[in-house]
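Below, each value reflects all heavy atoms present in this structure, side chains not excepted, and no hydrogens, waters or symmetry copies. All chains are named by letter (A, B, ...) in the order of the sequence lines, taking the proteins before the strands, and each is independently numbered beginning at 1.
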Number of protein chains: 2
Amino acid sequence: MNIGEVAERTGLPAKTIRYYEEIGLITPHRSANGYRSFDDTHAHKLAFLGRARGLGFSIEECRALLALYEDRARASADVKRIAAGHLADIEAKMAELAAMRDTLSELIDQCAGDHRPDCPILADLAEDGGG
Amino acid sequence: MNIGEVAERTGLPAKTIRYYEEIGLITPHRSANGYRSFDDTHAHKLAFLGRARGLGFSIEECRALLALYEDRARASADVKRIAAGHLADIEAKMAELAAMRDTLSELIDQCAGDHRPDCPILADLAEDGGG
DNA sequence: CATAAGGCTTCCAGTCACGGGAAGGTCAAG
DNA sequence: CTTGACCTTCCCGTGACTGGAAGCCTTATG
């Protein structure tokens with residue numbers, strides 16, 4: 001199948017699929033006219049990549065997961081390690097965002113939000129480290 | 001003061017300060033030798049920017065906040081609106097991450113993590129949409 | 001005066017994972 | 001023969017910097 005069909009099947013934009021080829025995640029065949037030609041295995045891998053990316057795995061993590069997926073002698077521990085590392089990243093990001101959210105929502109609550117210029121949000125941002 | 005000193009005072013890397021000048025967030029003077037010359041106002045603005053960036057505001061949001069900060073006739077409602085929009089962004093990102101975390105941690109729990117190849121994490125990623 | 005160290009300058013390239021769009025080849029239908 | 005959809009490659013832009021090269025300025029030392 002051509003790139004348009006595999007794009008529709010996998011839900012990935014054609015641009016993304018070309019990019020994945022460029023960085024060596026997949027290697028579609030070429031038809032006589034130069035068009036990329038995908039088979040079910042390619043579509044399957046692309047769907048795999050789409051789901052892994054959807055869970056926030058980086059491209060390099062996806063590459064490793066795909067290699068493990070194709071390795072029948074893999075150890076599930078290797079997969080688990082990658083996933084656990086990614087989970088830790090996610091939790092770290094969430095903690096960072098939670099800290100921002102807490103500070104911000106407190107400041108927002110304190111701000112009158114009217115026509116007057118006095119604003120605890122700006123006051124906090126302008127504050128010297130001292131206080 | 002030179003860029004090194006203001007960098008140390010504000011905690012921002014010199015590279016970042018040059019970048020902020022390039023995009024028009026600050027406009028330091030120039031000494032006769034061509035060096036950037038910062039006064040306390042510049043340092044104050046940079047510190048403001050550092051704190052706003054630390055709360056995750058984008059550069060354009062920082063630009064707007066800085067303009068409001070310098071506008072004595074501002075309405076606190078304008079500040080509050082920007083902050084509330086950013087808070088909503090943060091909460092959306094957190095929700096996305098929470099969904100990833102939930103799926104991932106469930107899969108990780110189900111994975112034996114040993115030498116055997118069977119792995120529910122890979123199985124899930126490889127799954128057809130049908131199931 | 002020469003030299004070395006450290007700070008400053010500009011400019012260019014890279015990051016991550018694509019997306020937009022131009023210029024042009026290919027294919028099926030009318 | 002033309003239209004229109006699809007495909008190709010190539011290059012630029014994103015956000016907010018970061019790293020590094022090449023070279024000028026200043027200060028300290030011999």
Legend entry - Residue met sooner reading DNA chain D from 5', once R36(A) and T16(B) are mapped to nucleotides: R36(A)

Legend entry - Modelled atom types, side-chain donor and acceptor of S76(B) and D114(A), under 3.5 Å: yes

Legend entry - Side-chain H-bond candidate by donor/acceptor type, D39(B) with H42(B), under 3.5 Å: yes

Charged N to carboxylate O under 4.0 angstrom, [X] versus [Y]?
X      : Y       : result
E60(A) : R63(A)  : yes
E91(A) : R101(B) : no
R9(B)  : D40(B)  : yes

Inset, instruction - Have a look at I3(A) and say if it touches a base, only the backbone sugar-phosphate, or nothing, with a 4.0 Å heavy-atom cut-off. - result: sugar-phosphate

Inset, instruction - Give, for atom CD1 of I59(B) and atom CG of L66(B), the distance between the pair rounded to the nearest 0.5 Å. - result: 10.5 Å

Inset, instruction - Starting at CG of L65(A), measure out to CD1 of I121(B) and round the result to the nearest 0.5 Å. - result: 8.0 Å

Legend entry - Contact under 4.0 Å: Y20(A) side-chain N or O vs dC18(C) OP1/OP2: yes

Inset, instruction - Compare side-chain N and O positions of R30(A) against OP1 and OP2 of dT9(D) and report whether any pair is under 4.0 Å apart. - result: yes

Legend entry - Shortest non-hydrogen separation from P28(B) to F38(B) and the atoms involved: CB-CE2, 3.6 Å

Legend entry - Minimum heavy-atom distance K45(B)-E70(B), with the two atoms named: CE-OE2, 3.2 Å

Inset, instruction - Work out how much the helix from dC1(C)-dG30(D) to dG30(C)-dC1(D) bends between its end axes, five pairs an end, to the nearest 10 degrees. - result: 40°

Inset, instruction - Applying side chain to side chain contact (heavy atoms under 4.5 Å, CB included), run through R18(B) and I3(B) and close with a yes or a no. - result: CA-CA 9 Å; R18(B) 292 197 193 96; I3(B) 200 168; 3.5 Å; yes

Whole-Å distance separating the [atom1] atom of [X] from the [atom2] atom of [N]:
X      : N       : atom1 : atom2 : value
Y35(A) : dC6(D)  : OH    : C1'   : 5 Å
I23(B) : dA16(D) : CD1   : C1'   : 8 Å
E22(B) : dC11(C) : CD    : P     : 9 Å
R18(B) : dA21(D) : CZ    : P     : 16 Å
N33(A) : dT8(D)  : CG    : P     : 8 Å
R63(B) : dC17(D) : CZ    : P     : 12 Å
H29(A) : dC7(D)  : NE2   : P     : 17 Å
F38(A) : dC6(D)  : CZ    : P     : 16 Å

Inset, instruction - Please figure out whether S37(B) or A32(A) has its closest DNA chain C nucleotide nearer the 5' end. - result: S37(B)

Inset, instruction - Go through the steps to decide whether Y20(B) and L12(B) satisfy the test side chain to side chain contact (heavy atoms under 4.5 Å, CB included), and finish with yes or no. - result: CA-CA 10 Å; Y20(B) 287 173; L12(B) 294 174; 4.1 Å; yes

Inset, instruction - Enumerate the residues from residues 52-62 of chain B whose closest heavy atom to DNA chain D is under 4.0 Å, giving them by residue number; use none for an empty result. - result: R53(B), S58(B), I59(B)

Inset, instruction - Would you state whether a donor and an acceptor, one from the side chain of Y19(B) and one from the base of dG15(D), lie under 3.5 Å apart? - result: no

With the criterion being N/O to N/O and under 3.5 Å, what pairs connect the protein with nucleotides 21-23 of chain C, and how long is each?
residue, atom, partner, partner atom, Å
dG21(C), O6, K15(A), NZ, 2.3

Inset, instruction - Could you tell me whether the side chain of D71(A) and the main chain of A73(A) form a donor-acceptor pair under 3.5 Å? - result: yes

